Amino acid sequence: MNKNLYALFASRFPKDKAAACMILADGRVWTYGDIDRASARMANLLVALGLQRGDRVAAQVEKTPEALVLYLATIRAGMVFLPLNPAYQRNEIEYFLGDAKPGLFVCRTQSLALGNELAKAAGVAHVLELTDSGTGSLIDAAAPYSDDFETLKRKRHDLAAILYTSGTTGRSKGAMLTHGNLAANAKTLHAYWHFGPDDVLLHMLPIFHVHGLFVACHCVLMNGTAMFFEPKFDPARALKLLPESTVFMGVPTYYVRLLQSAEFGGACCSQMRLFISGSAPLLQETFDEFKQRSGHTILERYGMTEGGMFTSNPYIGERRGGTVGLPLPGTEVRIVDDDAVLLKHDVVGNIQVRGDNVFVGYWQMPEKTKEEFTANGFFKTGDMGRMSKDGYISIIGRSKDLVITGGLNVYPKEIEELIDAMPGVLESAVIGLPHPDFGEAVTAVVVRKTPVGAGDTLSVSESTIVEVLKAQLANFKIPKRVHFVTELPRNAMGKVQKNILRQTYGAN
Ligand code: AMP
């Protein structure tokens, strides 16, 4: 049987090919028939360009229907899709092209000259343009080709995509995902989150990342229903479209922004059945306020580029704030110490995962791949967490995020949670900074809450924070310094960039 992921999607497309798949901001609609024909034309073009099965197709483009079609065409033709964040600059593009050696690089008008230059240097044979409005030489070149394309036969282990890790630490590594990996996660999520014929997803995530491309789009393609395909997250657009949607997926920042809008409440969520959050930790406060304002309990899930989703709070059953829920069917999740010994419940350790969705390794990094897997096939996620007696997992931080002060381990999350709970605090990030005596000094960076009304005295100071923490924590965990900022630096997926904080405050 053909294990090509596109064949799986096509088998789930609605019988009526005139049914909507993508509804755009300007009202245009892409039907399932449009997607099938456009991806066939583009797949024919890829073959005509001389690309072979297994060749990489790199795309650094804006979110457009044509960009999604390029992804589908690539996997249909048995090639390997490599999406890149449009924010990447010269050095980054140079690295990705040199490392992945794609047969084709598709880029935006603004980066065409740079793309041509870097592609030439990296030996990339073809460069085509896809503009931010979905036109360009890629579309022109595909136009004359046939609307028919026989989806290439692929096996489960054949590569479908390489996604470079977003790299808040160290150099980006290309995670190799197979047709089997992506199909396994798509089937699980589609069923676990109860997608059905009446669903309409509000899609506001970028599509160069696992969250927007695989989690969100795959659920829709597996379901054969429509999504509002918006160029980016915009609270005003969300307020307009939520009343016509049933499912929303977002990073925590989106939820914070929705709550900042006075108009947001139960009324605009009357058709909604599910709000999903992930990619970064959702604050308990956001979880609680969202429930109070909208009547909906956000479902938080956890996963990463290297395997899609690993855990999820249940669809039916308790969605527990501050946790990422239970291991998903088909994914084993375990928590072990540094000697790979299984830990008891509620003890913090390393999170490891195994399952059909877990990637097959890092592109051209066999040594690194070997290091990151155990002998019996568990992937070492690099995340630290604990599992409750009844199986709910909480993420405590990245193992690299661990602060070691005077030889003692400090998990930033433990301190962040206490600071976040203080009146007057919106959120915080705890980091370790070089210190002559302790090795690293625990340091807190705090965002104060904006006062809500006159007479509101939400002032919180370094000394109050330290004082409150002293009553609750061992002395070595108390921040040596507390800095105040108006906003924490975050990457496109809402993750706090602690490396930037370390750079900023490390020099002081
Ligand atoms: P990425 O590969 O860019 O999706 O990043 C994956 C990382 O994001 C994971 O290894 C976690 O550190 C973090 N992450 C994803 N989902 C969550 C979540 N719900 N809560 C906390 N951290 C998360």
Side-chain angles (χ1 to χ4, degrees), residues 83-85 87-88 161-177 181-182 185 189 205-216 218 249-256 275-284 286-287 290 298-314 319-328 331 333 335 348 350-353 357-359 362 372 379-387 392-402 411-414 416-417 420 427 429 488 490-499:
L84 295 170
N85 186 337
Y88 286 144
I162 298 177
L163 261 69
Y164 279 85
T165 54
S166 60
T168 43
T169 53
R171 184 130 215 146
S172 257
K173 304 180 284 282
M176 298 188 287
L177 293 151
N181 292 150
L182 297 176
N185 215 230
L189 299 180
L205 290 157
I207 56 165
F208 54 77
H209 185 268
V210 50
H211 195 166
L213 184 59
F214 298 151
V215 182
H218 285 184
M249 294 186 190
V251 298
T253 326
Y254 295 4
Y255 290 102
V256 172
F275 285 94
I276 302 176
S277 174
S279 289
L282 182 76
L283 291 175
Q284 180 76 44
T286 312
F287 177 87
F290 198 86
I298 298 176
L299 179 152
E300 185 171 5
R301 92 296 178 279
Y302 155 69
M304 64 200 300
T305 304
E306 286 91 336
M309 298 303 103
F310 303 144
T311 74
S312 170
N313 269 281
R319 297 182 196 159
R320 203 173 288 170
T323 82
V324 293
L326 310 158
L328 280 162
T331 308
V333 182
I335 301 196
V348 173
N350 306 298
I351 303 179
Q352 299 188 342
V353 295
N357 52 324
V358 176
F359 78 134
Y362 293 113
E372 302 298 330
F379 169 60
K380 304 171 187 169
T381 63
D383 289 312
M384 312 282 302
R386 58 170 178 254
M387 193 185 283
Y392 282 73
I393 290 162
S394 306
I395 310 286
I396 302 302
R398 303 276 307 154
S399 56
K400 289 193 187 107
D401 194 25
L402 187 75
Y411 300 114
K413 183 81 182 288
E414 185 186 6
E416 287 161 6
E417 276 178 353
D420 293 350
E427 59 173 343
L488 294 173
R490 293 182 188 277
N491 71 10
M493 298 313 296
K495 293 182 213 302
V496 175
Q497 292 168 303
K498 290 197 170 179
N499 52 340

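Order of appearance sets the numbers: ligands from 1, and atoms from 1 within every ligand. All heavy atoms count here, side chains included; hydrogens, waters and symmetry mates do not. Bear in mind the structure is a predicted one, so any value in this text is a computation, not a measurement.
For ligand 1, the polar-atom distance check finds an N/O of Ser279 within less than 3.5 Å of one of the ligand's N/O atoms. Residue Tyr302 places no N or O, backbone or side chain, under 3.5 Å from any N or O of ligand 1. Between Thr381 and ligand 1, no pair of N/O atoms sits closer than 3.5 Å.
Judged purely by atom type and a 3.5 angstrom limit, Asn350 has no side-chain atom pairing as donor or acceptor with the backbone of Met384. In this structure, Ser312 contributes its side chain and Pro314 its backbone to no donor-acceptor pair below 3.5 Å. Proximity of a side-chain donor or acceptor of Arg386 to a complementary backbone N or O of Ile395 within less than 3.5 Å is not detected.
Contacts between Thr305 and ligand 1 below 4.0 angstrom, taking non-hydrogen atoms only, involve backbone and side chain alike. Only side-chain heavy atoms of His209 come within less than 4.0 Å of ligand 1; its backbone N, CA, C and O stay farther off. At a heavy-atom distance under 4.0 Å, only side-chain atoms of Lys495, from C-beta outward, approach ligand 1. Contacts between Ala280 and ligand 1 below 4.0 angstrom, taking non-hydrogen atoms only, involve the backbone exclusively. By the criterion of a heavy-atom distance under 4.0 Å, the side chain of Val210, and not its backbone, is placed next to ligand 1.
Residue contact check for ligand 1: Ala175 places no non-hydrogen atom closer than 4.0 Å to it. Under a 4.0 angstrom heavy-atom cut-off, Val324 registers as being in contact with ligand 1.
Applying the side-chain hydrogen bond (donor to acceptor under 3.5 Å, both in side chains) rule to Glu427 yields the partners Arg490; only residues at least two apart in sequence or on another chain are considered. Partners of Ser279 according to the side-chain hydrogen bond (donor to acceptor under 3.5 Å, both in side chains) rule, which considers only residues two or more places apart in sequence or in another chain, are His211.
Taking OH of Tyr411 as the start and OG of Ser399 as the end, the distance is 9.5 Å to the nearest 0.5 Å. Interatomic distance, Leu299 CG to Met249 CE, rounded to the nearest 0.5 Å: 9.5 Å.
You'll find the side chain of Leu326 reaches within 4.5 Å of the side chain of Tyr392, heavy atoms only.
Of all the listed residues (Glu300, Met493, Arg398), Glu300 holds the heavy atom that lies closest to atom 20 (N) of ligand 1.
Within ligand 1, the atoms closer than 4.0 Å to a non-hydrogen atom of Arg301 are 16 (N), 18 (C), 19 (N), numbered from 1 in the order shown.
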